[in-house]
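Here is the structure we will look at.
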Amino acid sequence: MRAPHDGLVRVRFAPSPTGYLHIGGLRTALYCYLFARSRGGQLVLRIEDTDRSRFLSDAEEDVVASLAWAGLSVDESPVKAGPFAPYRQSERTNQYLRHTVRLLHRGHAYYAFDTPEELDAMRKDGTFTYNAAGRIHMTNEFTLGSKELGRRLTSGEPYVVRLKTPEDRMVRFHDIIRGEVSVEASTLDDQVLLKSDGMPTYHLANVVDDHLMNITHVIRGEEWLPSTPKHILLYEAFGWEPPNMAHLPLIMSPTGGKLSKRNAEKQGIPVLVRAYRDLGFEPEAVINFLALLGWNPGTEEEVFGLADLVDAFTLDRVGASGAQFSLDKLRWFNQQHLRRLAAEDLLARVRSSIHAHGITVSDAYLMRVLDLLRERIVLAGSVATEYGYFFADPSAYDEKGVRKRWKDDSAGLLTAYADRLELLDPFDEEALESALRTLAGEQEVGAGRIIHPVRLATSGSTFGPSLFGMLAVLGRDVCVRRLQRAVQVLGR
RNA sequence: GCCGCGUUCGUCUAGGGGUCUAGGACGCCGGCCUUUCACGCCGGUAACACGGGUUCAAAUCCCGUACGCGGUACCA
């Protein structure tokens, strides 16, 4: 089955605005993007807002913002317009109506009047399927008679339109990732196409729009695989050539199972794209991680920028089995990407997260801090949280550290060191170190006897970057003040 | 229940009949470096779900079983 539009590849990402963009949704969008771009094709963002009861008004905005944050550009979207506008399904209802009528005329669809309650009751015993065998027991075009049908239709009684599933045949299609997939038509439901509120279901809207928008490749999550045969039937009913299909494996939680919001957050894994942004993750790292979750380049290369991914990506290297999300690995990718940033870019990234924490510092100072921290930060957002002592005096001293490092002679040694710092010139790394070592020599103690308490006093912590580099950045006044304060607080 | 899709180290994966005593990465463990914690470097742990075929030969092909996941809505 070849798509009709030779040459130009057109892919669509079609989220439903029922919530903010999920990390799994971003992965689908990414694969759509990578495939489209790697083939010199186009990417369309289409909003599938046909469920009015679950509609969330700012979800679309979040999708657009999240894609932009991730660096995934689209060629056509509700906010960008294009030759196939509108791109919100709620604004295309006339199309769905028109096509439903077409199906009705051709005998591929029919009117049905069963209420949700009646349907529930039928399904209670578990064996009911609304198909060729089941529909003769229901209230519809086939069981009502033309007079009653006409009456109900003209009197405005609520109805749905269902697809008339063929009785006994195999429905087959080729999936780029899974190969040939086939299912017996009798196991399929007479899918509702048009709901009683006049809106189309996903199935109808999706098929109609993909066709009308010249989509050549449908790339979506595996959860759609079971309903694809119904879509194939719809394409046939319309007399259209189906697009190429590719069903992506699902992202699973670290304990297996769907990476649902509840499931994931219980394990400390954010699911919303905006949460990764707020936590200070690098968009390229998130993208890199997501790309390798289900796809691999066939080489041992792992760190990719978006452009590299576009160059390397092919759909035939996408795996078929679900992959568990791993925060550890994401953090590793984040660190890799952080390191590749030019100094100014790193500064900009950290500056924005620092501002978000209400801290103000000069770029010059922050740059010096970053020189010290560059190799150790995993997350831009962690500079403000884990290395807060560069911006404010420590509010507490690590308890375990105090027990281990604060000795009887600490107060005396620190006081002596503080005195020397007052006079130190120049106040730089080298001078700081030699002053400390000189003091240690005079007092006949190991340098560590001073180094550790000094770190504790100036940072509140037992670990961190090179001590003397840190003191130099902090500056004379801050160092002296913190040393004296620690002597006061920790005493002896 | 029924339908569909999957199954290589704990995790992401390479491999697609002989080159597999199964490779890489994350994690974990050890060592080196070091004032600390990281980084870096060196080393280690650890996998072909099971059972039948096919074949001279199977992680690779076929069938079955088990397990996992998805679907089974007037949700997408």
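Values below: every heavy atom of this structure, side chains too, minus hydrogens, waters and symmetry copies. Below, chains carry the letters A, B, ... as their sequence lines are ordered, and counting in each starts from 1.
Nearest nucleotide to the A:Ala323 side chain, out of B:U13, B:U11, B:U36: B:U13.
Nucleotides B:G16 and B:C48, compared at atom C1', are 13 Å apart to the nearest Å. The P atoms of B:C28 and B:A38 are separated by 10 Å, rounded to the nearest whole Å. Nucleotides B:A76 and B:C63 place their P atoms 36 Å apart, quoted to the nearest Å. B:C9 and B:U13 are spaced 11 Å apart, taking the P atom of each and rounding to whole Å. Rounded to a whole angstrom, the distance from the C1' atom of B:A25 to that of B:C50 is 29 Å. Comparing the same atom, P, in B:G44 and in B:G24 gives a spacing of 10 Å after rounding to whole Å.
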Discussion item. Test side-chain hydrogen bond (donor to acceptor under 3.5 Å, both in side chains) on A:Tyr202 and A:Asp51; report intermediate values, then the result.
Written reply: CA-CA 9 Å; A:Tyr202 169 87; A:Asp51 184 354; over 6 Å; no
Practice prompt. Assess whether salt bridge (charged side-chain N to carboxylate O under 4.0 Å, His left out) is satisfied between A:Lys164 and A:Glu141, documenting all intermediate values.
Written response: CA-CA 11 Å; A:Lys164 191 179 169 194; A:Glu141 201 172 320; over 6 Å; no
Worksheet item: Between A:Val74 and A:Phe13, does a side-chain contact (heavy atoms from CB on, under 4.5 Å) hold up when you go through it step by step?
Response: CA-CA 9 Å; A:Val74 301; A:Phe13 174 57; over 6 Å; no
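For the ring pair (Phe, Tyr, Trp, His ring centres under 6.0 Å) test, residues two or more places apart in sequence or in another chain that qualify with A:His99 are A:Phe238, A:Trp240. Residues forming a side-chain hydrogen bond (donor to acceptor under 3.5 Å, both in side chains) with A:Arg368 (at least two apart in sequence, or on another chain): none. Every residue two or more places apart in sequence or in another chain that forms a side-chain contact (heavy atoms from CB on, under 4.5 Å) with A:Ser66 is listed here: A:Leu21, A:Asp62, A:Val273.
Between A:Thr462 atom OG1 and A:Lys404 atom NZ the span is 7.5 Å, to the nearest 0.5 Å. The distance from the CG atom of A:Leu233 to the CG atom of A:Asp190 is 9.5 Å, given to the nearest 0.5 Å. Atoms CZ and CE, on A:Arg374 and A:Met367 in that order, are 9.0 Å from each other to the nearest 0.5 Å. The line from CD of A:Gln191 to OG of A:Ser227 is 7.5 Å long, rounded to the nearest 0.5 Å.
Note: CD1 (A:Ile269) to P (B:U11) measures 14 Å, nearest angstrom. Computed from coordinates, the A:Glu300 CD to B:G23 P distance equals 11 Å when rounded to whole Å. Between A:Gln267 atom CD and B:U11 atom C1' there is a gap of 13 Å when expressed in whole angstrom units. Distance CZ (A:Arg317) to P (B:U13): 12 Å, rounded to an integer number of Å. Between the CG atom of A:Asp316 and the P atom of B:G16 there is a distance of 14 Å, rounded to whole Å. Atom NZ in A:Lys329 sits roughly 9 Å away from atom C1' in B:G24 (whole-Å rounding). Atom pair A:Glu302:CD and B:G23:P shows a separation of 16 Å (rounding to whole Å applied). Taking atom CZ on A:Phe289 and atom C1' on B:G27, their separation rounds to 13 Å, with Å as the unit.
Remark: the A:His247 side chain and the A:Arg220 side chain contain an N/O donor-acceptor pair separated by less than 3.5 Å. Between the side chains of A:Thr314 and A:Asp316, at least one donor N or O sits under 3.5 Å from an acceptor N or O. Neither side chain, A:Asn334 nor A:Tyr276, offers a donor N or O lying under 3.5 Å from an acceptor on the other.
Taking the nucleotide of RNA chain B with the nearest heavy atom to each of A:Ala320 and A:Gly464, the more 5' of the two is matched to A:Ala320.
Between A:Asn296 and B:U13 there is no side-chain N or O to OP1 or OP2 distance below 4.0 Å.
Base pairing of B:G43: its partner is B:C29, meeting the Watson-Crick or G-U wobble criterion (both donor-acceptor distances under 3.5 Å). When both pairing distances are held under 3.5 Å, B:G51 makes a Watson-Crick or G-U pair with B:C63. Checking B:G16 for Watson-Crick or G-U wobble geometry (two distances, each under 3.5 Å) identifies no partner in any strand. When both distances must be under 3.5 Å, the Watson-Crick or G-U wobble mate of B:C9 does not exist. Under the Watson-Crick and G-U wobble criteria, each requiring two contacts below 3.5 Å, nucleotide B:U35 is left unpaired. With a cut-off of 3.5 Å on both pairing distances, B:A22 has no Watson-Crick or G-U wobble partner at all. For B:C74, there is no paired nucleotide, since no Watson-Crick or G-U wobble pair has both relevant distances below 3.5 Å.
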Discussion item. Across nucleotides 69-76 of chain B, 5' to 3', mark each nucleotide with B, S or - according to how protein heavy atoms within less than 4.0 Å reach it.
Written reply: SBS-SBBB
Pairs under 3.5 Å (N/O, protein and nucleotides 46-49 of chain B):
none

Using a cutoff of under 3.5 Å, can you pull out all pairs of nitrogen or oxygen atoms linking the protein to nucleotides 39-41 of chain B, with atom names and distances?
from	atom 1	to	atom 2	distance (Å)
B:C39	O3'	A:Arg339	NH2	2.8
B:C39	O2'	A:Glu375	OE1	3.0
B:G40	OP1	A:Arg339	NH1	3.3

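A:Gly294 comes within 4.0 angstrom of the backbone, heavy atoms only, and of no base. Residue contacts for A:Leu467: at a heavy-atom cut-off of 4.0 Å it reaches a base atom on one of the strands shown.
Among the candidates A:Val160, A:Leu144, A:Leu104, the single residue satisfying the side chain to side chain contact (heavy atoms under 4.5 Å, CB included) test with A:Tyr111 is A:Leu104.
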